[in-house]
Amino acid sequence: MPDLPGRLPASFTTPGNASFVDFLASHDPSLLPAGRGLPPGELPASPHGTTIVALRHAGGVVMAGDRRATAGSMVASRQIEKVHPADHYSAIGIAGTAGLALELVRLFQLELEHYEKIEGAVLSLDGKANRLATMVRGGLGLAMQGLAVLPLFGGYDADRGAGRIFSYDVTGGRYEESDHHAVGSGSVFARGSLKKLWRPRLPEGDAIEVAVHALVDAADDDSATGGPDLVRRIWPTVAVVDMDGYRAVGPDELADVVARVDAARREDEQR
């Protein structure tokens, strides 16, 4: 039955669930990333973002990302933000096709906010991780055409009183990581650094330093990962999620952390 003039479309008044993504799928699938078909021909070079690291510490989770986006062999941006709040108690980091990744972040934020307004309760951390897996799976068609997005998700689980980290593959597979993880083109080098420096019950300040050190190690060997830029004063994006919620680490604090990491690396090279 066609919608009557001057009235809301039927999709707005049809009972459904608390998922905003499901509502968009019924109202207008073309508003979803997976609902937009690609024109024929070769894909143009599009900005890609890497690298994201996450690790558990004594009070929750630290997540950090470098600021570089690349398009082929070119630096497309030096100041892209790759770590974002998903809601008050969780964070999402993005690697892959930058435009689609940022769209996924915004859609996921809206999905969690919509659920909370409809249900009158906050979705559990497991529920958030599962919702994100469904959204990643919805982009499989784009991933098969070279436009993949791989998020890294972490947050504070109030039921367990601890931070938790989840990684994904392009098919929507969801995997809980025990202590730390990294995604993106520099992830191999970042994981090696995390294995070397991480230890149980890290204080928050030490965890931030380990995250920055892992990004610096990744940038040392991966051209697509940008290290701290002391001349332009561009620092990694770093966030802490604990029982008090999401907190972005400020530039002054990051400048001090970068200075300590740089001093430690110089000391190691002089030995």
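Only heavy atoms go into these numbers, but all of them, side chains included; no hydrogens, no water, no symmetry mates.
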Item to check | Spacing of Asp169 atom CG and Arg174 atom CZ [to the nearest 0.5 Å] | outcome: 12.5 Å
Next on the checklist: With rounding to the nearest 0.5 angstrom, report the CD1 to CG distance, Ile94 to Leu150.
Outcome noted: 11.5 Å
Item to check | Distance-only polar pair, side chains of Asp126 and Ser124, donor-acceptor under 3.5 Å | outcome: no
Keeping the roles fixed (side chain from [X], backbone from [Y]), state whether a donor-acceptor pair exists under 3.5 Å.
X      : Y      : value
Arg265 : His213 : no
Trp235 : Gly250 : no
Ser77  : Gln79  : yes
Thr134 : Asn130 : yes
Glu209 : Val261 : no

If you measure from the Lys or Arg side-chain nitrogens to the Asp or Glu carboxylate oxygens, is any gap between [X] and [Y] under 4.0 Å?
X      : Y      : value
Arg67  : Glu81  : yes
Lys128 : Asp87  : yes
Glu204 : Arg247 : yes

Checklist entry - So does Arg260 have more than 12 non-hydrogen atoms from other groups sitting under 6.0 Å from CZ? => result yes
Next on the checklist: Would you say NZ of Lys195 has more than 12 non-hydrogen atoms from neighbouring residues, nucleotides or ligands within 6.0 angstrom?
Outcome noted: no
Next on the checklist: Show the nearest heavy-atom pair for residues Phe189 and Asp217, with the distance to one decimal.
Outcome noted: CB-O, 4.1 Å
Checklist outcome for this item: Minimal heavy-atom distance between Thr225 and Arg68, with the atoms involved, is O-NH1, 3.7 Å
Item to check | Passing candidate, side-chain hydrogen bond (donor to acceptor under 3.5 Å, both in side chains) with Asp206, options Arg201, Arg199, His57 | outcome: Arg199
Checklist entry - Going by the angle between their ring planes, with limits at 30° and 60°, are Phe108 and Phe153 parallel, tilted or perpendicular? => result perpendicular
